[in-house]
Amino acid sequence: IRSGTLPDTILYPLTQDRNTSLRTAAVRMLGDLGSVRAVPVLEAVAASRTNPSAETATKSIERIKKRMETEATLSHTD
């Protein structure tokens, strides 16, 4: 599965699910599959001090940014 819009769209609502395990899994999957468009959604989760998924959201943001940097570097070498 390539990163981008479809995973983002499907996973966004799950980042607010009542089930903590499902919410954390969605946040983690956005880090794995999400595009840069997912960053604001993840930042909202990360900013919530009462959300157990906040730390996972922060790590997911870092993974997305790193992936975007890598993709940008690779596109410049083509």
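Nothing fancy with the numbering, it's 1 onward along the sequence.
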Peer 1: Of all the heavy-atom pairs spanning N19 and L22, show the shortest one and how long it is.
Peer 2: OD1-N, 2.8 Å
Peer 1: Determine yes or no for a side-chain-to-main-chain donor-acceptor pair under 3.5 angstrom, with S60 supplying the side chain and L30 the backbone.
Peer 2: no
Peer 1: In plain terms, say whether E55 and K59 are close enough for a salt bridge, that is, a side-chain N and a carboxylate O under 4.0 Å apart.
Peer 2: yes
Peer 1: Heavy atoms only: give me the nearest L33-R67 pair and the separation to one decimal.
Peer 2: C-NH2, 3.8 Å
Peer 1: Of all the heavy-atom pairs spanning A38 and D8, show the shortest one and how long it is.
Peer 2: CB-OD1, 4.0 Å
Peer 1: How many angstroms lie between OG1 in T15 and CE in M29, if you round to the nearest 0.5 Å?
Peer 2: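 Between T15 OG1 and M29 CE, I get 12.5 Å after rounding to 0.5 Å.
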Peer 1: Look only at the side chain of T58 and the backbone of A54, and say whether a donor-acceptor pair between them is shorter than 3.5 Å.
Peer 2: yes
Peer 1: Give a yes or no on whether the backbone of S21 and the side-chain of T24 come within a donor-acceptor separation of less than 3.5 Å.
Peer 2: no
Peer 1: Within this structure, what is the CD-CG distance for the pair E62 and L42, rounded to the nearest 0.5 Å?
Peer 2: 11.0 Å
Peer 1: Without swapping roles, check the side chain of S48 against the backbone of V45 for a donor-acceptor pair under 3.5 Å.
Peer 2: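 Here the side-chain-to-backbone pair does not exist.
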Peer 1: Is a donor on one side and an acceptor on the other found under 3.5 Å between the side chain of R63 and the backbone of R28?
Peer 2: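 Yes, because the side chain of R63 sits within donor-acceptor range (under 3.5 Å) of the backbone of R28.
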Peer 1: Enter the distance from Q16:CD to N51:CG here, rounded to the nearest 0.5 Å.
Peer 2: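 Reported to 0.5 Å precision, the distance equals 7.0 Å.
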Peer 1: Can you tell me how far apart CG (L14) and OG (S53) are? Round to the nearest 0.5 Å.
Peer 2: 11.0 Å
Peer 1: Between R23 and R18, which heavy-atom pair has the shortest distance, and what is it?
Peer 2: NH1-O, 3.8 Å
Peer 1: Determine the minimum heavy-atom distance between S35 and M68, stating which atoms define it.
Peer 2: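 Heavy-atom minimum between the residues: CA-CE, 4.4 Å.
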Peer 1: Any side-chain heavy-atom pair from V41 and L11 closer than 4.5 angstrom?
Peer 2: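 Side-chain contact under 4.5 Å: no.
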